[in-house]
Amino acid sequence: MRTLLASIGVVGLVGMGYGMWAVMSPGEERKREILKNLPEANPVRMEETRKRNALMLQVLKDAAETNDNVARGFGGQK
């Protein structure tokens, strides 16, 4: 009897959690609006992001190829 009540309680809690999630999740119209306003939707901004990522990759590649401690930066040298 105790396991039956515990199982019903667990199933009830899971169902209640799913119901709350379904109520709070955005609808299709809201999802389309969110996707339209993402930075990736703007081609100019996307190109800037690609260039910035390429520059960062180049900096990381240069840092990996050197034996110097690049983490010390510019202010650490005396």
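All residue numbers in this chain count up from 1 along the given sequence. Heavy atoms only: backbone and side chains are in, while hydrogens, waters and symmetry mates are out.
- Grouping Ile, Leu, Val, Met, Phe, Trp and Tyr residues whose side-chain heavy atoms lie under 4.5 Å apart, directly or via other members, places Trp21 in a hydrophobic cluster with Tyr18.
- Sequence neighbours left out, the pairs with a member in residues 46-58 that pass salt bridge (Lys or Arg N to Asp or Glu O under 4.0 Å) are Glu47-Arg50.
- With sequence neighbours excluded, the residues satisfying side-chain contact (heavy atoms from CB on, under 4.5 Å) with Leu38 are Leu35, Glu40.
- For Arg2, the salt bridge (Lys or Arg N to Asp or Glu O under 4.0 Å) criterion is met by no residue, not counting sequence neighbours.
- Residues passing the side-chain contact (heavy atoms from CB on, under 4.5 Å) test with Pro26 are Arg30, Lys31, sequence neighbours excluded.
- Hydrophobic cluster of Ile34: no remaining members, since no ILVMFWY side chain lies below 4.5 Å from it.
- Note on residues 26-61: no pairs pass ring-ring contact (aromatic ring centres under 6.0 Å, His included), not counting sequence neighbours.
- The ring-ring contact (aromatic ring centres under 6.0 Å, His included) analysis of residues 42-69, with sequence neighbours excluded, yields no pairs.
- Under the side-chain hydrogen bond (donor to acceptor under 3.5 Å, both in side chains) criterion, Gln58 pairs with Asp62, not counting sequence neighbours.
- Here the CG atom belonging to Leu13 is positioned 12.0 Å from the CD1 atom belonging to Ile8, to the nearest 0.5 angstrom.
- Under a 3.5 Å cut-off, the side chain of Ser25 and the backbone N or O of Ala22 do form a donor-acceptor pair.
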